[in-house]
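Here is the structure we will look at.
FYI, side chains are in, hydrogens and waters are out, and symmetry mates aren't considered; it's all heavy atoms of this structure. Reminder, nothing fancy here: chain letters follow the sequence lines and each chain counts from 1.
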Amino acid sequence: MKLSKLFFRTLKEVPGDAEAISHILLLRAGYIRRLGSGIYTYLPLAKKVLLKIENIVREEMININSQELLLPALQPKEIWEISGRWKKYGPELMRFKDRHDKEYALGPTHEEVITDLINREVSSYKQLPISVFQIQTKFRDEIRPRFGLMRSREFIMKDAYSFHRNEEDLDVTYWDMFHAYEKILNRMGLNFKSVEADSGAIGGSVSHEFMVLTPYGEDKILYCSSCSYAANLEKASSSYEPFDTRDFAEMDIVSTPNAKTVDEVSKFVGVDQKYILKSLMYKIEGEPTMIILAGDDELNEVKLKNAFGGKEISMMTPDEIKQKLDLSVGSIGPVKVNNIKLICDKRVCVENVSFYAGANKDGYHFKNVYFKRDFYSDNIFDLRVSKAGEFCPHCGAKLVESTGSEAGHVFKLGTKYSEPMKAYFKDENGKEKPFEMGCYGIGISRLLSIVVEQHHDEFGIIWPATLCPYQVIVIPANVKDENQLNTAEMIFHELRDRGISVLFDDRDDRAGVKFKDADLLGIPIKIIIGGHFSKSGLIEIKIRRDGSSNLVPPDEASVYVSLKLRQLI
RNA sequence: CGGGGUGUAGCGCAGCGGGAGCGCACCUGCUUUGGGAGCAGGGGGUCAGAGGUUCAAAUCCUCUCACCCCGACCA
């Protein structure tokens with residue numbers, strides 16, 4: 001491809017609304033352009049990279065016997081009503097009416113469509129398992145699109161679905177997918193962690209997210225500095241330094257005027273925050289419930305919700321607490337409350353530890369409050385937000401926190417969709433059973449961004465050799481020098497004939513401009529025919545990633561480059 | 001949806017009652033040619049839109065629209 005003919009343009013200045021480095025570089029290098037909020041055009045360079053991403057994904061899917069198909073993006077309302085998600089999915093679902101006033105959604109995901117299809121086509125256990133995938137544009141009416149391609153309203157995704165006769169069979173495919181995802185991300189040269197995740201709106205039991213470590217990620221993860229443990233912050237657990245124990249002392253009431261928060265009480269009585277019990281009032285399915293945590297901990301609402309099977313939970317307002325329970329925030333505590341349900345984080349459920357706790361009387365706290373002796377609950381769960389610096393639940397090494405961006409997500413759905421959609425097959429005994437399902441997504445267009453987040457420097461993008469839009473760029477420093485131009489053209493043709501994808505910078509620009517553009521675009525190898533060539537007849541081959549360069553005779557260029565390319569992969 | 005902000009040339013911005021400007025990009029010419037060149041000349045605008053105040057509005061007021069940031073939300 002001659003650069004003079006390539007539909008692209010690089011920008012020196014950064015469009016004001018770009019913040020993430022990947023967004024800035026993809027705009028500056030002429031890969032993407034914004035059409036509206038969260039809507040982007042992929043220019044030819046980006047399309048080439050997308051195809052490479054897709055093909056890596058495609059290969060690994062086919063490797064584990066998943067078959068490619070293409071489902072409709074346009075989906076009638078009815079199918080979403082059967083699964084119950086027309087109501088449940090919320091405003092993120094792009095909806096509209098056609099001219100007959102019939103309602104539709106633009107698919108954000110395809111569980112309904114595929115379950116319906118498989119139900120129609122598959123009726124016997126003999127046809128199972130079956131695994132299918134598609135690469136398609138999806139739509140989500142995101143509350144707030146962000147960071148360019150990282151969170152957009154129209155995006156490209158690979159989603160796969162599998163159907164099984166039982167859980168054991170699902171388990172096999174689930175882990176096949178899991179390992180395929182690892183391979184895919186490794187082939188793209190990404191540094192990532194697979195984490196245990198909350199399954200959120202899609203539902204199901206087991207779920208892992210593939211988090212790529214990036215500064216502009218929207219999720220926080222904790223991972224072990226030693227073993228492979230990693231988890232989404234909302235799911236992470238940890239072990240921690242034990243409390244100091246003390247023999248029982250008599251409980252006492254102390255005046256704590258104007259000390260309401262844990263911090264204030266801690267300062268007033270001169271005791272570390274962790275020895276002050278934090279008592280929070282929540283409504284769980286309407287029932288007022290007191291939640292007890294150590295003072296320096298924060299409640300993890302996701303853990304709370306999961307502990308109660310996904311029931312509706314909400315924090316009570318100070319007014320509600322006053323009206324319904326005649327307690328005021330700042331002096332609430334678990335001691336001597338009989339009519340309120342009590343839930344404890346397991347960290348505070350240890351004997352021989354002396355706590356302070358609200359006395360349920362304005363301006364007073366109890367001291368020497370002991371678990372079991374002074375407060376007790378059967379409802380003991382891990383409810384706290386784990387923190388960096390605490391210890392891995394598997395191996396005990398320190399946990400590290402990082403932000404990450406979700407590149408992929410695998411779920412075991414079980415019968416969450418097949419049951420309500422009455423998607424059944426006949427088992428060996430002729431009995432009707434719902435399909436056991438799994439679903440597996442990878443954000444194709446998001447990966448374009450994620451890869452740039454991890455592969456760039458101050459000069460621009462540095463594509464891994466597996467994803468570059470072109471492998472080599474041939475640069476005659478001065479196109480008016482016929483000797484340079486002819487040699488460059490010869491090398492260009494030779495490389496092309498070897499099946500190497502190559503750009504030829506035939507533009508009548510100064511060398512500096514061409515170098516800057518080549519670096520910005522992120523082409524792995526530059527071949528420069530310029531000053532060195534005119535002096536010594538040697539051409540320069542420069543590697544984008546480390547800036548190293550070598551001088552070789554022109555007729556050895558193509559061999560040298562093919563060799564280098566193999567090393568770069 | 002709440003809070004904050006911005007809409008002026010393709011991009012980045014200044015101007016904030018009286019001439020629509022600067023830098024980059026673009027076009028022409030000459031020079032230059034190894035890390036985003038120099039000089040000279042040139043084209044490009046419904047100052048987001050509608051209404052209002054004023055002798056006079058990009059500038060002040062009202063409404064609408066679009067976009068961005070923070071938060072709530074989130075396969």
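Note on residues 25-36 of chain A: pairs passing side chain to side chain donor-acceptor pair (under 3.5 Å), not counting sequence neighbours, are A:Tyr31-A:Trp463.
Applying the side-chain hydrogen bond (donor to acceptor under 3.5 Å, both in side chains) criterion to A:Arg153, with sequence neighbours excluded, gives no partner residue. Taking the side-chain hydrogen bond (donor to acceptor under 3.5 Å, both in side chains) definition, one finds that A:Asp505 meets it with A:Arg507, sequence neighbours left out. Residues satisfying the side-chain hydrogen bond (donor to acceptor under 3.5 Å, both in side chains) test with A:Lys387, not counting sequence neighbours, are A:Asp297. Partners of A:Met1 by side-chain contact (heavy atoms from CB on, under 4.5 Å), not counting sequence neighbours, listed by chain and number: A:Lys5, A:Leu6, A:Tyr470, A:Leu503.
Base pairing analysis places B:U54 opposite nothing; no Watson-Crick or G-U wobble pair with both distances below 3.5 Å involves it. Of all nucleotides present, only B:C27 satisfies the Watson-Crick or G-U wobble test against B:G41, with each distance under 3.5 Å. A 3.5 Å limit on both hydrogen-bonding distances identifies no Watson-Crick or G-U partner for B:G34. Pairing for B:A66 is with B:U6, a Watson-Crick or G-U wobble pair whose two hydrogen-bonding atom distances lie under 3.5 Å. Within the shown strands, B:C1 is the pairing partner of B:G71 under the Watson-Crick or G-U definition, both distances less than 3.5 Å. The base-pairing partner of B:G12, taking Watson-Crick or G-U wobble contacts with both distances under 3.5 Å, is B:C22.
Across the protein-nucleic acid pair, A:Met150 atom CE and B:C74 atom C1' stand 15 Å apart, rounded to whole Å. Computed from coordinates, the A:Ile24 CD1 to B:C68 P distance equals 15 Å when rounded to whole Å. A straight line from CG of A:Leu27 to P of B:G10 spans 17 Å, rounded to a whole angstrom. B:G10 atom C1' lies 13 Å from atom CZ of A:Phe7, rounded to whole Å. Between the CG atom of A:Leu93 and the P atom of B:C74 there is a distance of 15 Å, given to the nearest Å. Atom pair A:Arg151:CZ and B:C68:P shows a separation of 14 Å (rounding to whole Å applied). Going from atom CG of A:Asp141 over to atom P of B:C1 covers 11 Å, rounded to whole Å. Separating the CZ atom of A:Arg33 from the P atom of B:G10 is a distance of 14 Å, rounded to the nearest angstrom.
Taking the charged nitrogens against the carboxylate oxygens, A:Glu54 and A:Lys158 have no contact shorter than 4.0 Å, which rules out a salt bridge. For A:Lys516 and A:Asp509, the salt-bridge test fails: no basic side-chain N is under 4.0 Å from an acidic carboxylate O. A:Lys193 and A:Glu209 are not joined by a salt bridge, as no carboxylate oxygen comes within less than 4.0 angstrom of a charged side-chain nitrogen.
Comparing the C1' positions of B:G42 and B:U59 gives a spacing of 30 Å, expressed to the nearest Å. Spacing between B:G43 and B:G7 at atom P, rounded to whole Å, works out to 27 Å. Going from the P atom of B:G51 to that of B:G44 covers 27 Å, rounded to whole Å. Across the C1' atoms, B:G15 and B:G45 are found 15 Å apart, a figure rounded to whole Å. Using P as the reference atom, B:G19 and B:C24 are 27 Å apart when rounded to the nearest Å. For B:A66 and B:A25, the P atoms lie 34 Å apart once the distance is rounded to whole Å. With both ends at atom C1', the span from B:U8 to B:C13 equals 9 Å, rounded to whole Å. B:U53 sits 12 Å from B:G17 when the C1' atoms are compared, rounded to a whole Å.
Contact check, A:Arg144 against B:G3: no side-chain N or O comes under 4.0 Å of OP1 or OP2. Phosphate contact (OP1/OP2 of B:C68, side-chain N/O of A:Ser37, threshold under 4.0 Å): present.
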B/S/- along nucleotides 32-42 of chain B (protein heavy atoms under 4.0 Å) is BBBBBB-----
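In the interface, the side chain of A:Arg140 is not paired with the base of B:C74 through any donor and acceptor atom under 3.5 Å apart.
When heavy atoms are screened at a 4.0 angstrom cut-off, A:Val14 is found touching the sugar-phosphate backbone but no base atom.
Remark: A:Arg95 fails to qualify as a cation-pi partner of A:Trp80 under the 6.0 Å distance and 45° angle criteria applied to the six-membered ring.
The A:Glu19 side chain lies nearest to B:C70 when the options are B:A72, B:G12, B:C70.
Remark on RNA chain B: of its neighbouring residues A:Ile143 and A:Gly38, the 5'-side contact belongs to A:Gly38, judged by nearest-heavy-atom nucleotide.
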